[in-house]
K.L.:
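The structure follows.
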Amino acid sequence: MRQHRVSTVRRLARATVAASAAAAALAFGFSAPSQAADPSLREVAESTGRFIGTAVNDGLLSNGTYSDIVSTEFDSVTAENAMKWEAVEPQRGQYNWAGGDRLVQFAQDNDQLVYGHTLVWHSQMPGWLQNGSFSNNELRQIMTDHVTTQVSRYKGQVQRWDVVNEAFNEDGSLRQSKFYQQLGASYIADSFRAARAADPDAKLFINDYNTELDNAKSDGLYRLVSDLLAQGVPIDGVGFQNHLIVGNVNGPAIRQNLQRFADLGLEVAVTELDIRMQMPSDSSKLQQQARDYRAVADACLAVSRCSGITVWGVSDRDSWVPDVFEGQGAACPWDENYRPKPAYDALRDAFVAAGGDPGDPDDPEPPTGDCSAVFNVSNRWDTGSVVSVTVRTGQALSGWRAQFDLPAGVSLANGWNGSFSQSGSTVTVANAAYNGTVPAGGTISFGFQTSGGAAQDGTRVSLGGQECAAG
Ligand code: 9MR
């Protein structure tokens with residue numbers, strides 16, 4: 001039975017992507033691109049309660065093909081460079097928000113999450129900071145001022161922050177960054193505390209590369225986050241970049257490693273996924289790449305606390321890889337001509353396999369005036385469960401409230417993509433700041449975890465007081 005319909009808005013937007021890509025094809029003299037799948041990656045991801053994001057080069061948003069793909073295929077965006085220290089505070093105390101603001105506005109216009117990247121990092125520091133000499137106290141103040149100013153600027157608009165990026169050496173020791181050399185390991189806790197004080201609702205992450213597997217580096221990270229938690233430092237999540245190589249991806253090992261961090265009670269996320277190959281590409285490498293993308297996506301989707309996947313760039317045309325790894329490239333899900341690659345289909349398939357609704361291309365009409373809901377218990381154990389809920393609304397909404405009942409004795413532990421409260425057995429979920437606007441025929445997705453027992457599959461949901469049909 002059909003459980004999910006695609007909004008007319010998104011259908012039109014996807015038609016625009018195809019049209020502008022076809023126009024680009026004519027202009028550049030290559031063959032017309034194939035159309036992306038329907039429903040989009042974003043829609044299948046949303047119906048699993050996870051996000052699918054991309055790094056965005058805000059300078060490219062004026063390119064219609066690029067921006068259409070970003071808005072229709074992704075529900076989360078990360079600034080590829082525009083929110084880094086050198087871009088944001090090029091002179092001490094003088095801030096430039098142009099690129100970050102542009103991206104945040106784009107995200108709000110398209111009902112997307114923003115993943116903030118990044119506050120404290122040894123790389124891409126402005127010259128005045130890199131080369132300046134400061135007393136330890138002064139450096140600590142500079143660092144916390146920067147974190148406070150940037151997080152405050154985007155309070156309520158950026159849902160997740162990479163507070164500290166790439167703090168580790170390969171052997172699991174802390175990197176000798178300027179911050180570590182002068183301030184010791186306490187620079188990490190101080191950065192998180194400053195970020196929490198500036199926006200108590202933003203989820204705070206530590207992010208790194210080569211930590212995807214259980215190895216010396218990820219062991220160091222594991223020890224650090226365990227210590228931070230034990231000290232009560234406000235950290236919510238760990239980001240795993242996943243800059244990987246075709247043919248060299250071990251999905252089950254990635255899953256296991258994600259799970260050990262999740263078991264600390266933290267959110268985990270795939271934050272910068274790309275999978276590069278030796279050029280030139282050919283169809284067998286592209287097929288292998290698709291299997292590798294699928295393996296990473298499956299790994300995340302098998303871990304209930306893995307909140308989403310961000311790819312590090314839309315197309316091979318825009319990727320950082322060829323500039324850094326000589327002779328390598330083709331690492332992204334879209335090709336140089338913005339055509340979806342097998343890797344795109346693989347990502348989409350992974351979400352569908354994890355419960356994302358594939359839709360029904362023969363039945364494109366959005367319904368009007370009613371709602372239907374899928375209440376899916378994706379994981380259950382004796383004392384708890386994980387639930388994803390997708391509600392389709394026939395009416396355009398600018399704010400919503402959904403309600404449902406949990407079995408006696410079962411309580412809400414935590415939820416995402418909404419603001420949750422429980423009174424007796426009834427749970428009320430109101431929209432978050434970023435997902436209140438829903439077009440007619442559009443969907444609302446949220447998820448939550450229970451304690452004290454499991455929720456029941458197929459529980460009826462009401463939207464704005466109206467009971468929704470099942471499925
Ligand atoms: O993709 C980014 C590229 O445009 C920049 O030149 C580069 C500068 O260091 O940073 C790239 O993004 C990096 C990210 O910020 C942190 N993890 C590694 C990413 C790829 O280098």
K.L.:
Could you check whether S173 and D171, counting side-chain N and O atoms only, form a donor-acceptor pair closer than 3.5 Å?
P.N.:
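Present: a donor and an acceptor within the cut-off.
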
K.L.:
Run the numbers on V270 and R50 for side-chain contact (heavy atoms from CB on, under 4.5 Å), then give the verdict.
P.N.:
CA-CA 11 Å; V270 172; R50 324 284 182 127; over 6 Å; no

K.L.:
Verify, without hydrogens or angle tests, whether R401 (side chain) and T428 (backbone) share a donor-acceptor contact under 3.5 angstrom.
P.N.:
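No; zero donor-acceptor contacts below 3.5 Å.
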
K.L.:
Output yes when E89 and R153 qualify as a salt bridge under the 4.0 Å nitrogen-oxygen rule, no when they do not.
P.N.:
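Salt bridge flag = no for R153 with E89.
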
K.L.:
Just by distance, do the side chain of S40 and the backbone of E43 share a donor-acceptor pair under 3.5 Å?
P.N.:
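At least one qualifying donor-acceptor pair exists.
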
K.L.:
Step by step, work out the side-chain contact (heavy atoms from CB on, under 4.5 Å) result for L60 and V314.
P.N.:
CA-CA 11 Å; L60 293 177; V314 169; over 6 Å; no

K.L.:
Taking side chain as C-beta onward, heavy atoms only, is V461 less than 4.5 Å from L463?
P.N.:
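A side-chain contact is absent here, since even the closest heavy-atom pair is not under 4.5 Å.
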
K.L.:
Assess, by modelled atom type and distance only, whether the side chains of N57 and E80 contain a donor and an acceptor separated by less than 3.5 Å.
P.N.:
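Looking only at side-chain atoms, E80 and N57 do not form any donor-acceptor pair under 3.5 Å.
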
K.L.:
Taking atom types as modelled, find out whether D292 and Q288 have a side-chain donor-acceptor pair closer than 3.5 angstrom.
P.N.:
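Short answer, yes.
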
K.L.:
Are R196 and D236 packed together at the side-chain level, in the sense that at least one heavy-atom pair is separated by less than 4.5 angstrom?
P.N.:
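Heavy-atom side-chain distance check passes, below 4.5 Å.
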
K.L.:
To the nearest 0.5 Å, tell me how far N242 CG sits from Y209 OH.
P.N.:
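That separation rounds to 14.0 Å.
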
K.L.:
Should the pair W312 and H243 be assigned to parallel (<30°), tilted (30 to 60°) or perpendicular (>60°) ring geometry?
P.N.:
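If you compare the ring of W312 with that of H243, the planes turn out perpendicular.
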
K.L.:
May I ask you to check whether S388 and T48 show a side-chain donor-acceptor distance below 3.5 Å?
P.N.:
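Side chains of S388 and T48: no pair found under 3.5 Å.
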
K.L.:
Check for a donor-acceptor pair, side chain of T393 on one end and backbone N or O of Q395 on the other, with a separation under 3.5 Å.
P.N.:
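Answer holds: yes.
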
K.L.:
Give the minimum heavy-atom separation between G436 and W400, together with the two atoms involved.
P.N.:
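Looks like O-CD1, 3.7 Å.
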
K.L.:
Run N215 and S218 through side chain to side chain donor-acceptor pair (under 3.5 Å) and show every step you take.
P.N.:
CA-CA 5 Å; N215 56 28; S218 67; 3.2 Å; yes

K.L.:
Say whether, by atom type as modelled, one donor and one acceptor occur between the side chain of T450 and the main chain of S385 under 3.5 angstrom.
P.N.:
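The answer is yes, because a donor-acceptor pair under 3.5 Å joins these two groups.
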
K.L.:
Looking only at atom types and distance, does a side-chain atom of R348 sit under 3.5 Å from a main-chain N or O of P39, one as donor and one as acceptor?
P.N.:
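Such a contact is found between R348 side chain and P39 backbone.
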
K.L.:
Look at the side chain of D316 and the backbone N and O of A331, then say whether any donor-acceptor pair between them is shorter than 3.5 Å.
P.N.:
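Yes.
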
K.L.:
Which heavy atom in A262 sits nearest to a heavy atom in V268, and how many Å separate them?
P.N.:
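Residues A262 and V268, closest heavy atoms: N-CG1, 4.0 Å.
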
K.L.:
Quick check: does any side chain N or O of E73 sit under 3.5 Å from a backbone N or O of Y344, one acting as donor and the other as acceptor?
P.N.:
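No.
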
K.L.:
Do you know the tightest heavy-atom contact between D199 and Y154?
P.N.:
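Closest approach of D199 to Y154: OD2-O, 4.3 Å.
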
K.L.:
Look at the aromatic rings of F240 and F261 and report parallel, tilted or perpendicular, splitting at 30° and 60°.
P.N.:
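Because their plane-to-plane angle is over 60°, the rings of F240 and F261 count as perpendicular.
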
K.L.:
Check whether the side chains of D214 and N257 place a donor and an acceptor atom closer than 3.5 Å, and report yes or no.
P.N.:
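Not at all, the side chains of D214 and N257 share no donor-acceptor pair under 3.5 Å.
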
K.L.:
With no hydrogens and no angle check, just 3.5 Å: does a side-chain donor-acceptor pair link R140 and S186?
P.N.:
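Distance-only check passes for R140 and S186.
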
K.L.:
Just verifying a value: how many Å separate K341 NZ and Y293 OH, rounded to the nearest 0.5 Å?
P.N.:
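K341 NZ to Y293 OH: 6.5 Å, rounded to 0.5 Å.
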
K.L.:
Side-chain contact test, heavy atoms from C-beta onward, threshold under 4.5 Å: evaluate it for V238 versus T211 and give yes or no.
P.N.:
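No, too far: nothing below the 4.5 Å cut-off.
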
K.L.:
Let me see the working for R255 and D298 under side-chain contact (heavy atoms from CB on, under 4.5 Å), right down to the final yes or no.
P.N.:
CA-CA 8 Å; R255 178 183 54 71; D298 283 348; over 6 Å; no

K.L.:
Do Q150 and W161 come within less than 4.5 Å of each other through their side chains, counting heavy atoms only?
P.N.:
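They are in contact (side-chain heavy atoms under 4.5 Å apart), so the answer is yes.
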
K.L.:
How are the rings of F448 and F420 set to each other: parallel, tilted or perpendicular (split at 30° and 60°)?
P.N.:
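The rings of F448 and F420 sit tilted, inter-plane angle from 30° to 60°.
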
K.L.:
Parallel, tilted or perpendicular: which one describes the rings of Y180 and Y187, with boundaries at 30° and 60°?
P.N.:
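Ring orientation of Y180 relative to Y187: perpendicular.
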
K.L.:
Specify the closest pair of heavy atoms between R42 and D75, including all atoms of both residues, with the distance to one decimal.
P.N.:
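Shortest heavy-atom separation between R42 and D75 comes out as NE-CB, 3.7 Å.
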
K.L.:
Whether D263 and R260 form a salt bridge (side-chain N of Lys/Arg under 4.0 Å from carboxylate O of Asp/Glu) is what I want to check.
P.N.:
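A salt bridge is absent here (no side-chain N lies under 4.0 Å from a carboxylate O).
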
K.L.:
Please round to the nearest 0.5 Å and tell me the distance separating atom NZ of K217 and atom CG of N169.
P.N.:
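Spacing of NZ (K217) from CG (N169) equals 7.5 Å.
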
K.L.:
With side chains defined as the heavy atoms from C-beta onward, is the minimum distance between L229 and L266 less than 4.5 Å?
P.N.:
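Yes, side chains in contact.
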
K.L.:
Going from CG on L41 to CD on E46, what distance comes out if it is rounded to the nearest 0.5 angstrom?
P.N.:
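Nearest 0.5 Å value for the CG-CD distance: 10.0 Å.
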
K.L.:
Run the ring-centre check on W121 versus F179 and record whether the distance is less than 6.0 Å.
P.N.:
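Between W121 and F179, the centre distance exceeds or equals 6.0 Å.
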
K.L.:
Evaluate side-chain contact (heavy atoms from CB on, under 4.5 Å) for T426 paired with F404, printing each intermediate quantity in order.
P.N.:
CA-CA 6 Å; T426 304; F404 51 85; over 6 Å; no

K.L.:
Please determine whether side chain to side chain donor-acceptor pair (under 3.5 Å) holds for the pair E166 and Q241, giving the CA-CA distance in whole Å, both sets of side-chain angles, and the decisive distance to 0.1 Å.
P.N.:
CA-CA 10 Å; E166 301 175 2; Q241 295 186 8; 2.9 Å; yes

K.L.:
So, the side chain of Q289 versus the backbone of I275: is there a donor-acceptor pair under 3.5 Å, distance only?
P.N.:
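The answer is yes, because a donor-acceptor pair under 3.5 Å joins these two groups.
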
K.L.:
State, with a plain yes or no, whether a side-chain heavy atom of Q157 is found less than 4.5 Å away from one of V114.
P.N.:
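Side-chain contact under 4.5 Å: no.
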
K.L.:
Has Q422 got more than 12 heavy atoms of other residues, nucleotides or ligands less than 6.0 Å from its CD?
P.N.:
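Enclosed: over 12 neighbouring heavy atoms sit under 6.0 Å from CD of Q422.
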
K.L.:
Do you know which two heavy atoms are closest between A269 and C306, and how far apart they sit?
P.N.:
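The pair with the smallest heavy-atom distance is CA-SG, 4.1 Å.
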
K.L.:
Please check if the side chain of E212 supplies one atom and the backbone of N210 the other of a donor-acceptor pair under 3.5 Å.
P.N.:
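Yes: the side chain of E212 pairs with the backbone of N210.
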
K.L.:
Is the closest basic N to carboxylate O distance between D145 and R92 below 4.0 Å?
P.N.:
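No salt bridge links D145 with R92.
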
K.L.:
Is it the case that the side chain of N435 and the backbone of N417 share a donor-acceptor pair, with hydrogens and angles ignored and the cut-off at 3.5 Å?
P.N.:
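Pair found, side chain donor or acceptor close to backbone of N417.
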
K.L.:
State whether a side-chain donor-acceptor pair under 3.5 Å links Q105 with D109.
P.N.:
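Their side chains do contain a donor-acceptor pair, which is all the 3.5 Å distance test asks for.
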
K.L.:
To the nearest 0.5 Å, what is the distance between CD on Q403 and CZ on R460?
P.N.:
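If we round to the nearest 0.5 Å, Q403:CD and R460:CZ are 15.0 Å apart.
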
K.L.:
Among side-chain atoms of D357 and S47, is any donor-acceptor pair under 3.5 angstrom?
P.N.:
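There is no such pair between these side chains.
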
K.L.:
Please report the shortest heavy-atom distance between L347 and A297, naming the atom on each side.
P.N.:
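Closest heavy-atom pair between L347 and A297: CD2-CB, 4.0 Å.
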
K.L.:
Are side-chain N/O atoms of W320 and D274 paired as donor and acceptor at under 3.5 Å?
P.N.:
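Their side chains do contain a donor-acceptor pair, which is all the 3.5 Å distance test asks for.
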
K.L.:
Does a side-chain heavy-atom distance below 4.5 Å link H146 with L129?
P.N.:
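With C-beta onward as the side chain, the pair stays apart.
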
K.L.:
Mind checking the OG1-CZ spacing from T148 to R193? Nearest 0.5 Å is all I need.
P.N.:
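Taking OG1 in T148 and CZ in R193, the distance rounds to 13.0 Å.
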
K.L.:
Evaluate the side-chain proximity of N431 to I444: yes if any heavy-atom separation is below 4.5 Å, no if none is.
P.N.:
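No; the side chains remain at least 4.5 Å from each other.
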
